[in-house]
S.K.: 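One structure is given below, represented as structure tokens, and several questions about it will come after.
A note on names: the letters A, B, ... follow the listed sequences, proteins ahead of strands, and every chain is numbered from 1.
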2 protein chains.
Amino acid sequence: MIVGLLGGGVIGAGWAARFALNGHDVRLYDPDPDAERKVGEVVANARRAMRKLVMPALPAEGSISVVGSPDDAAHGSRFIQESAPERLDVKRELLQRASRAAPAEVVIASSTSGLLPTSLQDGMSHPERFVVGHPFNPVYLLPLVEVCGGARTAPATVAAAADLYRGVGMQPLVLGKEIDGFVADRLLEALWREALWLVNDGVATAEEIDDAIRFGAGLRWSFMGTFLTYRIAGGEAGMRHFMEQFGPALKWPWTKLTDVPDLTDALLDRLVAQSDQQAGGRSIRALEVMRDDCLVAVMQGLRSAAPGGVAAGAVLDRYERQLFGATPAPPVDLDAPAPVVAHEVRVPAEWTDYNGHLNDSRYLRIASEACDRFLRLIGVDAQYLADGHSYYTAECHLAYAAAARGGDVVRATAQLLHHDPKRIHLFIALWRGGDQLATAELMLLHVDTAESRACAADPTVLSTLERLAAAHSALPTPRQAGRSVGQPKSI
Amino acid sequence: MIVGLLGGGVIGAGWAARFALNGHDVRLYDPDPDAERKVGEVVANARRAMRKLVMPALPAEGSISVVGSPDDAAHGSRFIQESAPERLDVKRELLQRASRAAPAEVVIASSTSGLLPTSLQDGMSHPERFVVGHPFNPVYLLPLVEVCGGARTAPATVAAAADLYRGVGMQPLVLGKEIDGFVADRLLEALWREALWLVNDGVATAEEIDDAIRFGAGLRWSFMGTFLTYRIAGGEAGMRHFMEQFGPALKWPWTKLTDVPDLTDALLDRLVAQSDQQAGGRSIRALEVMRDDCLVAVMQGLRSAAPGGVAAGAVLDRYERQLFGATPAPPVDLDAPAPVVAHEVRVPAEWTDYNGHLNDSRYLRIASEACDRFLRLIGVDAQYLADGHSYYTAECHLAYAAAARGGDVVRATAQLLHHDPKRIHLFIALWRGGDQLATAELMLLHVDTAESRACAADPTVLSTLERLAAAHSALPTPRQAGRSVGQPKSI
């Protein structure tokens, strides 16, 4: 699909990255002559972070062309996203031009942080296909996008935009009512105004204020937000009790929110100096890498915190399943006289240590995943396990051949060396393209899991093993198999 | 050390858990006859979460006694923390009684969320040892504690409280100026007031408001706070540019912060109904487990995101080093005729899969850590690596004997089987008490890391290996060594 983007600043470039990394071709218009370079830098950041974030391979990357006019960006696009500066006149001009250039069925969205959709869609051709889709920086990592229609927006437009955003791994929050600042920015703005007062009044520095968030409530906000936090704080007595207990505090002089401090030169100087001190000489690029690595770690943590993930972790889990589904594994031919391809995986970048190497155990993790998939292939599935039988690994001989690095796509093949009713002697090789990275020779024991003792496998599993054994009987024994540690490799 | 606690609600019980799990004995006073049960439940939650959070073993757990009066709680305590309801009269009464019962050098802290220390210390005996130490729920996991003295507080009191909090894994934020609500709660309160308005005005539900945080800004807040976020958003042009660009938005009608909505019955009913819907029938206990698991995952993620960790991950990193330091490994005798104890580790609970098992590769990870420590023992340290030499694993034969589970303390021993200038043939066994869990027979190659080719090790490393070889020469060859996969074990 071609996506037209109007504006290539931090937000527009973030959209370019998210769409291109999800396989869409992007046509981007920005009057800045330096737009191509700036967008390229954001996309490079995004590529690095997204490869760390998701386990399955991303689709083949789409192209990004920087074009000379809004009409060029709209031309041929199936979806258009505007991310110009927050000025009503600038945005309206772009949206109107794009609406004249794009057929009526093309949805046109605006990234505005707070301008009202009813006001933005005014003067557009076919305003019913206009909707706000408000993302958050960095757009290529943060899942949230607020979706809000105006008075003339068709419900189908809202649904189509939400689907499209979900398709590129985001979490649309569809708002029923349009309001200046929508929901998220009203909350951010409230906190931000209070933070500016604290600096203005000399109560705390920028860094202290950030510390007051990131060592405390910020950790909770990353997966619960505010209402769920307070519900839990209320304990078994519930939300009503919490409100009764803490309601009175709302009347206390704890916030100074009516006004905003005047942005005098003195206040600006103070903010800038404190922000410089906090950054400690780190460049924006270094800060961005830190930010992206932390977002990846937090979202991956929230995915592993519970089955199916929690909050942004659940979005990631859904997105990965979608990516896996999009590139299905080729069917396996059990009768082919060749090792079966049991697994293919992209090495997560954070597996790489400071030497650029993977820890030894990571190779075994991949081999172990390949072994699990091999077992599913021969009929050891969820039901088989639930019925109280499984294969346990008794022994494993690993031989390392070459270093894998983060981002490598590793293919695992499995060769059946031998089997009997209770045992499988399996040989797994890990490959990067045609290079062998490591091999694992495994002895698996079939067990009754309740009693933890060896027993014969199910006849259907054994008959599948027979088929495989027949197919693999002509294969040579790999030179690493049947050896003890340190014994010279035959051949 | 004995710690006296006044109040055993959610916050007081959280303090009891944090102190007891860090090896301090707790004397807790609460007039609630059900206090002991309630505190016990919080401590059980905390024990589970803390064991997941940190890798090293926690110190032997302290005792928790529920006592009958504030004086009893103060008696013998070296530190006192008050966590009574947020009523000035109640807190003053408790603080004054404790100050009369405790010697002048005992620091007395209050968990108040927003009452002024100058006002709280009024009427205390030795008010100079009073300080506010304001924690966040759950106290046993969140690192932040705001430390704020009043007009009569001695600087040494502030320093002593900060040290003590740091000692139990927290991050003290020392405030220079007392202000109602301190820093963190002013920020939380600003966001919370705006959230209440959004519900009151029917713009969004409790769950939608939480979604607007947890899928977006909440993820950033968990490690950056607000100023650093905006600094990065400002790009290379910096904070001044950001303020110039977004300053005008501060004047827009994006917040409704002056007032708070009246907590009418209708608004309360709406809040309670929306909160119930959001909880979806999950009990507070289930929500607490979810919350704690997510906090553990987020903090562990932030620890792994960069060397030394970021934000709360850096606090965790420091805390673990401190815990490791508190129980130093026994010195290794290189001349003893026995395998050396190379490593001891508690198996992280999240390593256990839904079957209650560890993935095969986790055993190798422990063996691999033990191998690293063995190498440090023979002189392959950070400097040695920096000089361009290291040992790489060429082969590894694992034999599995028994299942390890989350929470197990696993000890790894290393026996030198053979070595030459370029190779080390090493045998690592993993033990839980006297039970062998697994063994790993390793072949390590000494390499020039720049050229990735084998070369002879440094003479000092080789002479240490000679010493070890002499000591280990009389040890029998382990029955799992020198075998190929599937070959019957000799003996």
S.K.: Quick one: which of B:S452, B:A297, B:S484 has the most heavy-atom pairs under 4.5 Å with chain A, could you say?
M.R.: B:S484

S.K.: Out of B:V199, B:I209, B:I179, return the one with the most heavy atom pairs under 4.5 angstrom to chain A.
M.R.: B:I209

S.K.: Looking only at heavy atoms, what is the nearest atom pair of B:A184 and A:A212, with distance?
M.R.: CB-O, 3.8 Å

S.K.: Applying salt bridge (charged side-chain N to carboxylate O under 4.0 Å, His left out), name anything that partners A:D292, two or more places apart in sequence or on another chain.
M.R.: none

S.K.: Using a 4.5 angstrom heavy-atom cutoff, name the option from B:L302, B:V145, B:I11 with the most pairs to chain A.
M.R.: B:L302

S.K.: With a 4.5 Å limit on heavy-atom distance, are the side chains of B:Q480 and A:E395 in contact?
M.R.: no

S.K.: What are the two closest non-hydrogen atoms of B:L364 and A:S361, and how far apart are they?
M.R.: CD2-CA, 3.6 Å

S.K.: How long is the straight-line distance from CD of B:E146 back to CD of A:E208, given to the nearest 0.5 Å?
M.R.: 10.5 Å

S.K.: Side chain, backbone, both or neither: which part of A:Y392 has a non-hydrogen atom closer than 4.5 Å to chain B?
M.R.: side chain

S.K.: So which part of A:L442 gets closer than 4.5 Å to some heavy atom of chain B, the side chain, the backbone, both or neither?
M.R.: backbone

S.K.: Quick one, B:L188 and A:W221 - any side-chain contact, counting heavy atoms below 4.5 Å?
M.R.: yes

S.K.: Chain A: which of B:G225, B:S222, B:A312 shares the most heavy-atom pairs with it under 4.5 Å?
M.R.: B:S222

S.K.: Taking all non-hydrogen atoms of both residues, which atom of A:L219 and which atom of B:P143 are closest, and how far apart?
M.R.: CD1-CD, 3.7 Å

S.K.: Measure distances from B:I366 to the heavy atoms of chain A and classify the residue's part below 4.5 Å as side chain, backbone, both or neither.
M.R.: neither

S.K.: With a 4.5 Å limit on heavy-atom distance, are the side chains of B:V203 and A:F182 in contact?
M.R.: no

S.K.: Given that the side chain runs from C-beta out, which part of B:M170 has a heavy atom under 4.5 Å from chain A: side chain, backbone, both or neither?
M.R.: neither

S.K.: Using a 4.5 Å cut-off on heavy atoms from C-beta on, say whether the side chain of B:F215 contacts that of A:L142.
M.R.: no

S.K.: Quick one: does A:D210's side chain get under 4.5 Å of B:M224's, heavy atoms only?
M.R.: no

S.K.: Can you confirm whether A:H425 sits close enough to B:V485 that some side-chain heavy atom of one is under 4.5 Å from a side-chain heavy atom of the other?
M.R.: yes

S.K.: Restricting to pairs with a member in residues 211-227 of chain A, which pass salt bridge (charged side-chain N to carboxylate O under 4.0 Å, His left out), not counting sequence neighbours?
M.R.: A:D211-A:R214

S.K.: Compare all side-chain heavy atoms of A:M290 with those of B:V310 and state whether any distance is below 4.5 angstrom.
M.R.: yes

S.K.: Determine whether A:E189 and B:E194 make a side-chain contact, defined as any pair of heavy atoms from C-beta on separated by less than 4.5 Å.
M.R.: no

S.K.: Return the option, out of A:C371, A:A311, A:G301, with the maximum number of heavy-atom pairs under 4.5 Å with chain B.
M.R.: A:A311

S.K.: Whether the side chain of A:D360 engages the backbone of B:T393 through a donor-acceptor N/O pair (distance < 3.5 Å, no angle test) should be reported.
M.R.: no

S.K.: Under 4.5 Å heavy-atom distance to chain B, tell me which part of A:A394 shows up: side chain, backbone, both or neither.
M.R.: backbone

S.K.: Please name the pair of heavy atoms, one in B:A195 and one in A:T226, separated by the smallest distance, quoted to 0.1 Å.
M.R.: CB-CG2, 4.2 Å

S.K.: Tell me, out of A:G202, A:G176, A:P135, who's got the most heavy-atom pairs with chain B below 4.5 Å.
M.R.: A:G202

S.K.: Atom NE2 in A:H397, atom SG in B:C396: separation rounded to 0.5 Å?
M.R.: 7.5 Å

S.K.: Taking side chain as everything from C-beta outward and backbone as N, CA, C, O, which of these in B:L287 sits under 4.5 Å from a heavy atom of chain A? Side chain, backbone, both or neither.
M.R.: both

S.K.: Once the angle between the rings of B:W192 and A:Y230 is folded into 0 to 90°, is it parallel (under 30°), tilted (30 to 60°) or perpendicular (over 60°)?
M.R.: perpendicular

